Amino acid sequence: MNDVTPAPALTQREVLLHALYEASELEHNLMCTYLYAAASLKDGEREGLRAEEAAAVRRWRQVLMGVAIEEMGHLAAVWNITSALGGAPRIGRSNFPLDPGLLPASVVVKLAPFNADTLQHFVFLERPRGSTEQDGAGFAYERNYVRGGTGGARLTPMGVNYDTVGDFYEALGEGLRALVAHCGEANAFDGDRALQLSPEEVNLPGARQVVCLKTALAAFAAIVEQGEGAPRDSIGSHYQKFLGIRAELQALTERNPAFAPAFPAATNPVLRRPPRPEGRVWLENPDAVATVDLANACYGLMLRLLAYAYAVRGPSAEKSLAVDLAIGLMQAVMPLAERAARLPAGPSNPQCNAGVSFITLRDSAALPPGPAARRVFVERIKQLAEGAAPLAAGGDARTVAAARQLTSLAASAGKGFDLTPAAPAAAAAAAPQPAAAPATPAAAPASTVSGGVETVQGEWLELQFEARRCIHSRFCVTGAPQVFLANVKGPWIHPDAMPVERLVEVAHACPSGAIRYRRKDGAPEEPVPPVNLAGVREAGPYAFRGQLEIDGAPAGFRATLCRCGASANKPFCDGTHSKIGFSATGEPPSGKTDMLPTRDGVLAIDPQPNGPLRVRGNLEIMSGTGRVVARVTSAYLCRCGGSANKPFCDGTHSKIGFKSD
């Protein structure tokens with residue numbers, strides 16, 4: 001271990017900001033290395049693993065992805081502290097591999113595939129203070145170097161060395177205390193709080209607003225205890241998780257010496273032969289180059305969007321959209337990274353496969369907020385979607401998934417960053433309107449089916465039934481048995497079999513929104529609910545009422561959405577919770593229940609890929625007995641069934657490998 005030069009006190013704001021920029025680079029780089037290793041892991045028996053090995057590798061991938069997500073939370077915490085001190089967060093970083101001295105605590109950072117040495121390197125990085133764990137083979141400095149210099153305070157910010165990352169964060173905490181003692185807490189934390197990321201925009205534990213010394217120090221403590229350099233190792237820490245993987249890897253290798261859990265992805269891949277090729281693998285295989293090129297472009301835009309999110313005040317639709325698009329781009333990067341790890345690097349490096357290089361732009365700083373920046377984002381995501389199409393044409397499932405994701409993001413960007421002028425109201429009013437269907441009674445109701453919706457014409461109204469949303473609550477066949485005939489062949493919906501006003505009340509009682517209607521007699525349509533509600537059903541789904549938009553499309557006023565994680569019809573409930581014995585209380589404890597200034601309006605529900613339901617809009621979450629659980633304007637609701645904080649997401653979906661479009 002290198003000798004450690006004592007660090008001068010971080011008492012100046014500029015020096016503290018410089019150290020926070022270094023902390024953000026540290027968390028950012030660790031996140032990338034964990035993602036790279038996860039992408040190199042094989043995928044079950046079809047890629048040569050035994051059943052026991054495949055199960056273990058799936059767990060390891062989930063652990064690595066979960067740790068990477070937690071590193072993203074650490075990064076958001078550091079960015080928020082930086083913003084609270086009046087700085088602009090450092091979004092960029094140096095390209096891999098890093099030269100000695102760029103990071104504290106003798107941290108060596110390179111992209112490497114999963115193997116015993118890489119895993120030991122991860123253990124070493126996350127080791128607690130006083131640990132005797134050694135670094136993995138191949139991760140030592142190329143040359144002996146100890147960061148530091150002459151002691152004492154300097155006006156020029158300069159990085160100094162620390163024994164562990166925990167020591168580094170401890171010094172940062174002492175620096176914050178000194179700054180507060182010097183200029184007062186209000187003056188120290190005088191950055192615009194609305195520029196920070198918060199739970200309104202992103203579901204990360206680290207994305208909590210920093211408003212004072214206490215909240216800043218709590219963020220540092222969470223980073224250290226969860227991951228790097230804790231005074232002692234704790235259950236559930238990154239260190240403990242990696243030790244668990246190491247023990248499993250050793251046991252499986254003893255049983256099968258030929259066990260190879262990962263593809264031989266390149267160590268430090270680059271897209272072209274660099275001026276200094278030592279320690280790098282340049283890619284020549286055209287398929288690998290095209291895949292890595294697209295992944296890098298997605299990653300670069302992700303960074304620019306995150307920077308933009310810190311330049312736009314929130315809560316706002318624009319800030320939330322920037323974060324959503326950034327996360328969506330990362331979800332496109334991962335299948336491309338997995339694809340790259342399975343492709344040969346090229347003839348100059350026949351011993352290994354390719355890998356995503358996470359190349360950084362020369363400048364990832366935020367674009368000036370406004371319409372020009374929004375246009376850049378819309379244009380760029382469209383270019384990425386177009387660039388993905390030729391790759392997807394090859395039929396590989398991973399590139400097809402990435403292309404589908406980018407196409408969806410391009411549509412979201414085009415809709416969210418609206419760049420087209422609205423049509424004049426007068427022109428819209430003058431547009432021809434479709435003629436009303438004639439209200440002539442018929443002996444048998446006229447029925448059509450389109451897009452999975454059965455539409456039946458009655459004299460006074462049109463009834464619609466969408467089978468995929470039905471949860472068989474039976475309000476229809478019990479409340480209007482003459483209209484909805486159970487267990488019959490042929491026509492089963494007869495809208496004229498009961499008074500129309502009674503029939504519409506039965507439709508309003510349908511919790512899933514499977515039954516809807518359109519009045520043909522000029523009477524009012526179904527009223528917009530005055531309060532947006534989400535009911536938490538005992539051992540069952542969510543029951544939403546409000547002006548709903550699901551996945552960006554209008555979805556009526558009622559919907560029942562899965563929260564057990566097992567529905568075959570996600571995001572809608574299909575009753576599977578009762579078949580699998582799903583257990584979840586309908587009476588969760590109450591949290592923040594302050595009355596909202598507005599209680600209605602559009603309620604946007606966006607199922608996150610392999611993740612929770614993101615809900616935005618005014619919403620009251622109710623227990624099964626009608627008690628208020630929470631009143632929110634933004635929330636992430638668990639739909640994997642595994643959160644320990646139901647109904648809210650706690651990140652368990654990534655740990656258990658929850659899958660959903």
Side-chain angles (χ1 to χ4, degrees), residues 7-33 71-109 125 147-149 153-162 164-179 188-192 195-197 204 206-207 210 216-217 219-220 223-224 227-229 299-300 302-311 326 358-367:
L10 303 172
T11 58
Q12 302 169 20
R13 192 187 303 259
E14 186 66 47
V15 174
L16 270 172
L17 289 174
H18 179 83
L20 286 166
Y21 294 153
E22 185 172 284
S24 68
E25 289 194 46
L26 171 67
E27 304 295 348
H28 193 163
N29 281 312
L30 294 184
M31 179 188 75
C32 291
T33 61
E71 296 293 355
M72 185 66 204
H74 299 175
L75 183 54
V78 172
W79 282 341
N80 277 1
I81 295 172
T82 305
S83 182
L85 295 179
R90 166 83 164 128
I91 303 294
R93 56 168 183 78
S94 300
N95 278 313
F96 296 109
L98 270 65
D99 287 329
L102 288 180
L103 292 178
S106 304
V107 170
V108 174
V109 180
L125 290 177
R147 214 170 57 156
R154 305 182 186 88
L155 289 175
T156 303
M158 187 176 299
V160 294
N161 210 30
Y162 301 89
T164 69
V165 177
D167 295 331
F168 175 51
Y169 278 111
E170 183 176 318
L172 278 171
E174 290 301 320
L176 286 177
R177 290 186 179 93
L179 181 66
F189 296 95
D190 60 354
D192 185 349
L195 295 178
Q196 297 181 40
L197 288 187
L204 288 171
V210 173
L217 295 178
F220 284 153
I223 291 172
V224 172
E228 307 89 355
Y299 172 72
M302 179 203 77
L303 297 183
R304 199 178 283 287
L305 281 160
L306 287 174
Y308 190 75
Y310 271 97
F358 293 104
I359 195 169
T360 58
L361 303 173
R362 289 200 172 193
D363 182 14
S364 299
L367 299 175

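Start at 1 with the first residue, then count along the sequence. Computed from a predicted model, the values in this text were never measured in an experiment.
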Atom pair [atom1]/[atom2] of [X] and [Y] - distance to nearest 0.5 Å:
{"X": "Leu75", "Y": "Thr82", "atom1": "CG", "atom2": "OG1", "result": "9.0 Å"}
{"X": "Glu174", "Y": "Leu217", "atom1": "CD", "atom2": "CG", "result": "8.5 Å"}
{"X": "Ile91", "Y": "Leu361", "atom1": "CD1", "atom2": "CG", "result": "12.0 Å"}
{"X": "His28", "Y": "Thr33", "atom1": "NE2", "atom2": "OG1", "result": "10.5 Å"}

Do [X] and [Y] come close enough that some side-chain heavy atom pair is under 4.5 Å?
{"X": "Val109", "Y": "Glu25", "answer": "no"}
{"X": "Leu103", "Y": "Phe168", "answer": "no"}
{"X": "Asn95", "Y": "Ile359", "answer": "yes"}

Judged by atom type as modelled, is there a donor-acceptor pair below 3.5 Å linking the side chain of [X] to the main-chain atoms of [Y]?
{"X": "Arg13", "Y": "Leu179", "value": "no"}
{"X": "Arg93", "Y": "Leu26", "value": "no"}
{"X": "Glu14", "Y": "Pro157", "value": "no"}
{"X": "Asn80", "Y": "Leu197", "value": "yes"}

- Between Phe220 and Tyr169, what is the ring plane arrangement, given parallel below 30°, perpendicular above 60°, and tilted in between?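 Phe220 vs Tyr169 ring planes: tilted.
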- Query: Parallel under 30°, tilted from 30 to 60°, perpendicular over 60°: which one fits the rings of Trp79 and Tyr310?
  - Reply: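 Correct class here is perpendicular.
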- Output, in order, the C-alpha distance, side-chain angles, deciding distance and verdict of side chain to side chain contact (heavy atoms under 4.5 Å, CB included) for Val108 and Leu98. CA-CA 7 Å; Val108 174; Leu98 270 65; over 6 Å; no
- Does a donor on one side chain sit under 3.5 Å from an acceptor on the other, for His74 and Glu71?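 Short answer, yes.
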- Task: Kindly indicate, with the supporting measurements, whether the criterion side chain to side chain contact (heavy atoms under 4.5 Å, CB included) is fulfilled by Asn29 and Phe96.
- Result: CA-CA 9 Å; Asn29 281 312; Phe96 296 109; 3.4 Å; yes
